[in-house]
S.K.: 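Before anything else, here's the structure in question.
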Amino acid sequence: MVADFAWIRPEPQGLYLPEADAWIDPSHPVGTALVTHGHADHARGGHGRTIATPETLAIMALRYGVAEGGQAVGYGESLLLSGGIRVSFHPAGHVLGSAQILLEQAGERVIVTGDYKRAPDPTCAPFQAVSCDVLITEATFGLPVFRHPPIAQEVARLIAVRTANPERCILVGAYALGKAQRVIAELRRAGYHDPIYLHGAMERMCRLYEELGVPLGNLRPVAGLPRAALAGQIVLCPPSALNDRWSRAMPDPLTAMASGWMRVRQRARQRNVELPLIISDHADWDELTSTISEVDPEQTWITHGREDALLRWCALHQRPARALALVGYDDESE
């Protein structure tokens with residue numbers, strides 16, 4: 001008979017540990033919050049006590065002004081909450097500081113993945129599979145159509161377009177936390193060492209990454225540069241800036257977008273994206289299913305995303321699974 005795991009309770013606002021009066025990635029301010037990573041749909045200000053990795057706490061301090069009440073827990077370290085619940089953090093491979101949270105009580109082990117990916121990423125620690133009885137997983141790209149190509153292939157396309165269009169500004173939309181830094185680091189790994197220019201909204205996070213030990217090379221702000229100076233250059237900006245007045249000041253901009261959703265052509269057309277780059281910081285279909293197989297839990301709980309297909313896959317493979325009705329989580333956005 002499968003255990004009920006009543007000591008962890010899915011609520012619409014997040015996962016709740018009643019015996020410890022603590023929440024995981026809650027959507028509202030609480031007394032004690034365990035936070036998997038710094039994206040706004042998982043990390044919010046206003047908590048009395050925030051438990052997260054040192055990098056996530058630094059990101060939250062930068063983005064949300066959260067400084068007081070932070071308790072840093074490094075990868076592999078653990079702490080004991082009331083109710084006899086032991087908590088430890090393990091790499092999720094999503095963005096810098098992102099963590100899976102392992103919860104243990106009375107011999108039962110539950111992993112909350114938060115957002116994660118299995119593909120290599122030079123800007124964060126790689127995903128670490130952790131054995132557990134219950135795997136609580138995301139399913140943002142939980143459909144078989146979502147199979148992300150190697151990032152080196154997409155970065156090579158970006159460099160080739162830049163080379164072929166020396167008179168145009170290559171404007172790349174990328175989320176300010178995680179995606180932008182990964183694109184920069186992968187460009188460097190591909191041998192692109194020219195300056196990369198940043199929208200003002202990107203600058204502070206990139207500097208924080210460098211302060212936390214992630215080298216990004218020669219970065220320069222766009223602000224104050226003459227229009228002609230950006231011809232033939234790669235410029236990173238938030239997705240919201242791709243088609244606004246700011247982008248129209250660029251010299252003949254060629255718009256690109258780095259997202260797993262660029263697999264869907266309609267989304268690229270809706271954003272007027274000329275160069276869709278399929279670059280995601282979430283697990284694709286193969287990574288989701290292979291992770292379930294590797295971890296081999298007694299139960300799989302699916303927190304958000306495309307639950308139906310993953311539930312069906314679990315049923316076909318005789319793996320007990322359920323979907324959780326949590327609110328406030330976005331599809332690879334901020």
Side-chain angles (χ1 to χ4, degrees), residues 95 117 119 121-123 140-141 146-203 205-206 209 216-223 225 227-282 284 330-334:
V95 298
K117 69 175 179 292
D121 181 342
T123 69
T140 301
F141 291 108
F146 290 114
R147 289 182 164 92
H148 306 322
I151 191 170
Q153 170 185 309
E154 301 301 282
V155 168
R157 293 174 59 228
L158 173 58
I159 294 173
V161 165
R162 184 258 188 178
T163 302
N165 295 272
E167 75 291 349
R168 302 185 71 182
C169 170
I170 313 302
L171 194 57
V172 183
Y175 301 122
L177 168 56
K179 189 70 62 66
Q181 295 77 27
R182 187 183 180 202
V183 169
I184 293 168
E186 291 290 351
L187 280 166
R188 302 309 189 199
R189 188 152 68 172
Y192 185 88
H193 299 297
D194 289 356
I196 295 173
Y197 292 84
L198 302 177
H199 183 285
M202 300 287 192
E203 292 180 44
M205 188 58 67
C206 287
Y209 261 63
L216 298 175
N218 189 351
L219 304 179
R220 300 181 186 179
V222 167
L225 286 176
R227 174 188 174 102
L230 294 172
Q233 302 299 330
I234 294 176
V235 177
L236 266 64
C237 68
S240 60
L242 279 178
N243 298 301
D244 69 6
R245 188 168 63 181
W246 178 88
S247 68
R248 291 194 289 275
M250 301 294 109
D252 191 16
L254 188 158
T255 58
M257 175 74 180
S259 171
W261 294 112
M262 291 298 98
R263 172 70 72 184
V264 182
R265 293 181 181 179
Q266 184 179 0
R267 294 213 180 194
R269 287 196 296 267
Q270 287 172 344
R271 287 182 172 269
N272 298 315
V273 171
E274 296 178 69
L275 178 63
L277 300 169
I278 306 170
I279 298 175
S280 176
D281 288 330
H282 290 258
D284 66 6
D330 296 332
D331 292 339
E332 196 176 53
S333 65
E334 298 181 61

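For this chain, numbers begin at 1 and follow the sequence in order.
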S.K.: How far apart are the closest heavy atoms of M202 and A180, and which atoms are they?
M.R.: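 So the minimum-distance heavy-atom pair works out to SD-CB, 3.8 Å.
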
S.K.: Does some side-chain heavy atom of I184 sit less than 4.5 Å from a side-chain heavy atom of Y209?
M.R.: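 A side-chain contact is absent here, since even the closest heavy-atom pair is not under 4.5 Å.
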
S.K.: Taking atom OH of Y175 and atom CG of L236, what is their separation to the nearest 0.5 Å?
M.R.: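 These two atoms lie 13.5 Å from each other.
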
S.K.: List the atom of C237, the atom of W246, and the distance in Å for their closest heavy-atom pair.
M.R.: CB-CZ3, 3.7 Å

S.K.: Any heavy-atom pair between the side chains of I151 and R182 that's under 4.5 Å?
M.R.: yes

S.K.: Give a yes or no on whether the backbone of L216 and the side-chain of R188 come within a donor-acceptor separation of less than 3.5 Å.
M.R.: yes

S.K.: Excluding sequence neighbours, so at least two apart, what forms side-chain hydrogen bond (donor to acceptor under 3.5 Å, both in side chains) with D194?
M.R.: R162

S.K.: Testing the basics here: between E203 and P221, what is the closest heavy-atom pair and its distance to 0.1 Å?
M.R.: OE2-CB, 3.3 Å

S.K.: From R271 CZ over to M262 CE, what is the distance, rounded to the nearest 0.5 angstrom?
M.R.: 6.5 Å

S.K.: How close do D244 and S247 get, counting heavy atoms only, and between which atoms?
M.R.: O-OG, 2.8 Å

S.K.: Who passes ring pair (Phe, Tyr, Trp, His ring centres under 6.0 Å) against F146, sequence neighbours left out?
M.R.: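 Checked F146 against ring pair (Phe, Tyr, Trp, His ring centres under 6.0 Å); matches are F141, W261.
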
S.K.: Test your reading of the model: is there a side-chain donor-acceptor pair from Q233 to the backbone of P166, 3.5 Å cut-off?
M.R.: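 The answer is no, because no donor-acceptor pair under 3.5 Å joins these two groups.
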
S.K.: Do the non-hydrogen side-chain atoms of V222 and L230 ever get within less than 4.5 Å of each other?
M.R.: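 Yes. Closest side-chain heavy atoms under 4.5 Å.
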
S.K.: Please determine whether a side-chain nitrogen of the Lys or Arg among D284 and R147 lies less than 4.0 Å from a carboxylate oxygen of the Asp or Glu.
M.R.: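 A salt bridge is absent here (no side-chain N lies under 4.0 Å from a carboxylate O).
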
S.K.: Is it the case that the side chain of R263 and the backbone of I278 share a donor-acceptor pair, with hydrogens and angles ignored and the cut-off at 3.5 Å?
M.R.: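 No, R263 side chain to I278 backbone: no donor-acceptor pair under 3.5 Å.
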
S.K.: Mind checking the CD1-CG spacing from I279 to L158? Nearest 0.5 Å is all I need.
M.R.: 7.5 Å

S.K.: Please report the interatomic distance CD(E154) to OG(S280), rounded to the nearest 0.5 Å.
M.R.: 11.5 Å

S.K.: Using a 3.5 Å distance criterion without hydrogens, assess whether the side chain of Q181 forms a donor-acceptor pair with backbone atoms of G178.
M.R.: yes

S.K.: Going by heavy atoms in the side chains, are Y192 and V155 under 4.5 Å from each other?
M.R.: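 Y192 vs V155: side chains apart.
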
S.K.: Determine, step by step, whether D281 and K117 satisfy the salt bridge (charged side-chain N to carboxylate O under 4.0 Å, His left out) criterion, reporting the C-alpha distance in whole Å, the side-chain angles of both residues, the deciding distance to 0.1 Å, and the verdict.
M.R.: CA-CA 6 Å; D281 288 330; K117 69 175 179 292; 3.3 Å; yes

S.K.: Main chain of N272, side chain of T255: is a donor-acceptor contact present, judged purely on distance under 3.5 Å?
M.R.: yes

S.K.: Measure across K179 and A174 and return the closest heavy-atom pair with its distance rounded to 0.1 Å.
M.R.: CG-CB, 3.9 Å

S.K.: So do E167 and P251 actually touch side chain to side chain, heavy atoms under 4.5 Å?
M.R.: no

S.K.: Could you tell me the separation between the CE atom of M205 and the CG atom of L198, rounded to the nearest 0.5 Å?
M.R.: 12.5 Å

S.K.: What's the separation between atom CG in L242 and atom CE in M250, rounded to the nearest 0.5 Å?
M.R.: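 It is 11.5 Å, given to the nearest 0.5 Å.
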
S.K.: Which heavy atom of A201 sits nearest a heavy atom of A176, and at what distance?
M.R.: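 Shortest heavy-atom contact: O-CB, 4.1 Å.
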
